[in-house]
Amino acid sequence: MPNEQDPRNIFVNQRQEYSERQTDTSNQTNSSYTGNSAPHNGTQTNPQSEYERRVEEMKRLAAKYEREGEGQLVKDIVNNVIEQKARGTLSNEQLIAFAKRVSPLLNSEQRSRLEGLLEQLLKI
């Protein structure tokens, strides 16, 4: 299933664009320091480094929302859902599937808030 259709990846497009820009910049810088003149084809060859990059991105996002709070997280989710629905890359079925996957990881209070947010997002 492509990333943009996987409901677990609501923010995937923004992260992917940012990561591609960072990777391109990093690879250009690294090749000039190492003398590597091989062209960069836009793919990473080391799956471990891709995993580590994703873990670091998740840690960064967790720290951001720990500082900014749940209110900012909800605003960002709503704005992202509006953008993705406008582009046609997110459906209500994907939102429901995402909520079903996340729900078992939450306590009862969090589940209740997620259900309320989901109801609002489905109306958008």
### Summary
CD (Gln72) and CD (Glu66) are apart, to the nearest 0.5 Å, by 15.0 Å
### Query
Is the side chain of Gln110 donor-acceptor paired with the backbone N or O of Asn107 at a distance under 3.5 Å, no angle test?
yes
### Message
Check whether Gln94 reaches the backbone of Ser91 with its side chain - one donor and one acceptor, N or O, closer than 3.5 Å.
### Response
yes
### Query
Quick one: CD on Glu70 to CD1 on Ile77, what's the gap to the nearest 0.5 Å?
9.0 Å
### Query
Are Phe98 and Arg101 close enough that some pair of their side-chain heavy atoms sits under 4.5 Å apart?
no
### Query
Are the side chains of Lys85 and Leu95 in touch, meaning some heavy atoms are under 4.5 Å apart?
yes
### Task
Taking all non-hydrogen atoms of both residues into account, name the closest pair between Leu114 and Ala99 and its distance.
CD2-O, 3.9 Å
### Message
Using a 6.0 Å cut-off, check whether atom NZ of Lys64 has over 12 heavy atoms from anything other than its own residue.
### Response
yes
#### Entry: Residue pair Ile124 / Val78, side-chain heavy-atom distance below 4.5 Å
yes
### Query
Could you give the distance from CD (Glu93) to CD1 (Ile96), rounded to the nearest 0.5 Å?
6.0 Å
### Message
Name the residue from Glu50, Met58, Glu52 that meets the side chain to side chain contact (heavy atoms under 4.5 Å, CB included) definition with Arg54.
### Response
Glu50
### Query
Can Arg60 and Glu57 be counted as an ion pair, charged N to O under 4.0 angstrom?
yes
### Message
As a test of understanding, state which of Asp76, Asn92, Leu90 forms a side chain to side chain contact (heavy atoms under 4.5 Å, CB included) with Val81.
### Response
Leu90
### Task
Kindly compute the distance separating CG (Asn80) from CD (Gln84), expressed to the nearest 0.5 Å.
4.5 Å
### Query
Considering residues at least two apart in sequence or located in another chain, which fulfil the side chain to side chain donor-acceptor pair (under 3.5 Å) criterion with Glu109?
Arg113
